[in-house]
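Here's the structure, in structure tokens; my notes come after.
Both backbone and side-chain heavy atoms feed into the values below; hydrogens, waters and symmetry mates do not. The sequence lines fix the lettering, A, B, ..., with proteins before strands; numbering per chain opens at 1.
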There are 2 protein chains.
Amino acid sequence: MSSASPSTVSLVTTPTPRPKRATVHDVAVEAGVSRGTVSRYVNGERYVSASAREAIEAAILKVGYVPNTAARNLVMQRSQAVGFIVHEPHSLFVEDPNIGEILLGANTALSEADYQMAVLIVDSERDTERVARYLSGGLVDGVIIVSARAYDPISRVVERLNLPAAYVGHPPGASTASFVTIDNRGSARAITERLAATGRRRIGMIAAALDRDSGADRLAGFTEALGDRFDERLVEPVALYSYSAGRDAMQALLERAPDVDGVFAASDAVAAGAMEALRAAGRRVPDDVGVVGFDDSAWAKRTLPGLSTVRQPAAGLGRQAALLVLGQLRGEAGAQEVQLESEVVWRDSA
Amino acid sequence: MSSASPSTVSLVTTPTPRPKRATVHDVAVEAGVSRGTVSRYVNGERYVSASAREAIEAAILKVGYVPNTAARNLVMQRSQAVGFIVHEPHSLFVEDPNIGEILLGANTALSEADYQMAVLIVDSERDTERVARYLSGGLVDGVIIVSARAYDPISRVVERLNLPAAYVGHPPGASTASFVTIDNRGSARAITERLAATGRRRIGMIAAALDRDSGADRLAGFTEALGDRFDERLVEPVALYSYSAGRDAMQALLERAPDVDGVFAASDAVAAGAMEALRAAGRRVPDDVGVVGFDDSAWAKRTLPGLSTVRQPAAGLGRQAALLVLGQLRGEAGAQEVQLESEVVWRDSA
DNA sequence: TTGTACGCGTTATCAT
DNA sequence: ATGATAACGCGTACAA
């Protein structure tokens, strides 16, 4: 059972008779009324006689009419849709434990307002151009952007088009766009303080993704919390919020500073990796070393002992971003900055 | 730092001057040529004189023209976009370790063919109707559907519209649509056989999601592999592919059959839960009990010891589904059934 | 209450 | 090589 070419089986072979779809016109002639009347009926306006209504209903059923949204969008000058753009999807979709909740939160809010959400993935140069075209084409009335990078072409397009937009996380560059975040810095400070309150004297941090503001802010909060006791030799930076990075970093940290008795990992995945390294080194958690993480993802509940961490209101982030866009769609002017409250979850790892 | 209402800060308050976008017409008058010529230039056709080209390029830059895709779609009768529909998103986005890879695989294939992928989430009744309208509206030329349920309204719409479609997993009902799967049954058989080959005599299974074909097929493969040695009292069924379900099920199984020395869990998450229960019961893995899972997700690499499991070609599933749709779009007729090969990954848990 | 006619922004056909 | 002009399918003043 090794990886091989897929086995294919043909089932049927009807020559795909692409059917031409019925239009308002077809319904009109079938019902013996004018196109205008049909259009009014479809859009639920008043001033449609009972007789006309019946005839139209029957006609619609008979010819199998479904309105063409593209045509409607064209004349209405709006699409009743909002794009959800996700960058760097490899780290996001596969690693980020929050992306799913963010998506669902945004979708719920948009759905309630009768907007369709279309998730657009940017995973290559081609994607960038194509998505830019898509946005330019009037297929969405606004966008939610998650994890944008600095000098992001997509952000530029959005700005140039003057498209109502909201970012999840800090928008790149100096753009004055709406965005929603959590207080990474304050949360990091809070959990570090609680870790210190357990009596730890030599507290280190495995910092990750310092090129993103989330990563940088968490380190800043950590530094703030420790004040005088901060020792930069106890900070081990890694590139990604990943399990293996956490494991390797903890190993390095243990070598450089064998006396660490507390660790703040920049994410739960990192923390889980760190705990593995600690176990391998014969250190007990929390007895010898206290560990805290960030995210309250599935990792936090499956470590042994359970991981103390910071809970992000992921669905709330998506929901707020959606509300921000909807507000702009309603004409509410001005960029808004929304900060959602996070929460320290105390378990047994510290 | 408790969950509270979001703090909001207003940054600017310009009254959103929704700008009217330039059209082909504007470019034409600016460049002193006809709309037809502009259109030809934009679409890279031949027969555009150098002088016209220059004038048009300048005009486009000056008026800031971007083509309107909605209008183009209307006249071209195609959108160059494919919908990716995901159901039951709560279990999918939040729990399914493969969904991200499937999305990316599909996106890559579509992107190469210059198609835009739009992910549509169905999370409520409202969503169902809205997405159905969206599909009916001509905004996508085809669809990829993952995790459809039987009697799914969306599937009905797709069928009625005769929209080119491909399912990831078995399509519901008796529809003769294209789909791509892995051989759940064969894979389950293979890994069970390898587990048996390690000398285990009393092999049980924690079966999950028996109402889906993936779950049912895995159980079938397990049964096949054991043949005469199959003992239905060693099968513990649970509803979801979840960690906690695995833990509880393993506990129940241990009580009912303390002599189990091998367990096939229907997914890695389930297996991880089972391993936790075994540890709590004082059983060593793999010494006392061998454990194998399914998925080769992040769970498998973070259990201790590493989990032997079945690797799904998740990205390949998405890619193949996309290729299936693209084939239909090119006019290749007939429903296709593609089965991708999976692979047993042997680690230390058995 | 209903029909007519125009416009949304683009591509396609056909002369020129 | 280019310019009219007719679609594409729909909403909507305006007239009736």
Practice problem: Tell me, with the steps shown, if B:Arg319 and B:Glu112 meet salt bridge (Lys or Arg N to Asp or Glu O under 4.0 Å). | Solution: CA-CA 11 Å; B:Arg319 173 175 197 81; B:Glu112 283 165 4; 3.2 Å; yes
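A donor and an acceptor atom, one from each side chain of A:Tyr41 and A:Glu57, are located under 3.5 Å apart. If you check the side chains of A:Arg330 and A:Gln328, you find no donor sitting under 3.5 Å from an acceptor. With hydrogens and angles left out, the side-chain atoms of B:Arg133 and A:Thr69 include no donor and acceptor closer than 3.5 Å.
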Practice problem: Going 5' to 3' through nucleotides 7-16 of chain D, assign each nucleotide B (protein heavy atom under 4.0 Å from a base atom), S (under 4.0 Å only from sugar-phosphate atoms) or - (no protein heavy atom that close). | Solution: BBBBBBB---
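Annotation: B:Glu125, atom CD; neighbour count of heavy atoms from other residues, nucleotides and ligands within 6.0 Å does not exceed 12.
Along DNA chain C, read 5' to 3', the first and last nucleotides having any atom under 4.0 Å from a heavy atom of chain A are C:dT1 to C:dG9.
Comment: B:Arg21 does not engage B:Asp26 in a salt bridge, judged by the lack of any side-chain N to carboxylate O separation of less than 4.0 angstrom.
Between A:Ile154 and A:Ala132, the shortest heavy-atom contact is CD1-N, 4.1 Å.
Among the protein residues, A:Ala52 comes within range of the sugar-phosphate backbone only, with heavy atoms under 4.0 Å from sugar or phosphate atoms but none that close to a base.
Looking at B:Asp127, its side chain does come within 3.5 Å of a backbone N or O of B:Asp123 through a donor-acceptor pair.
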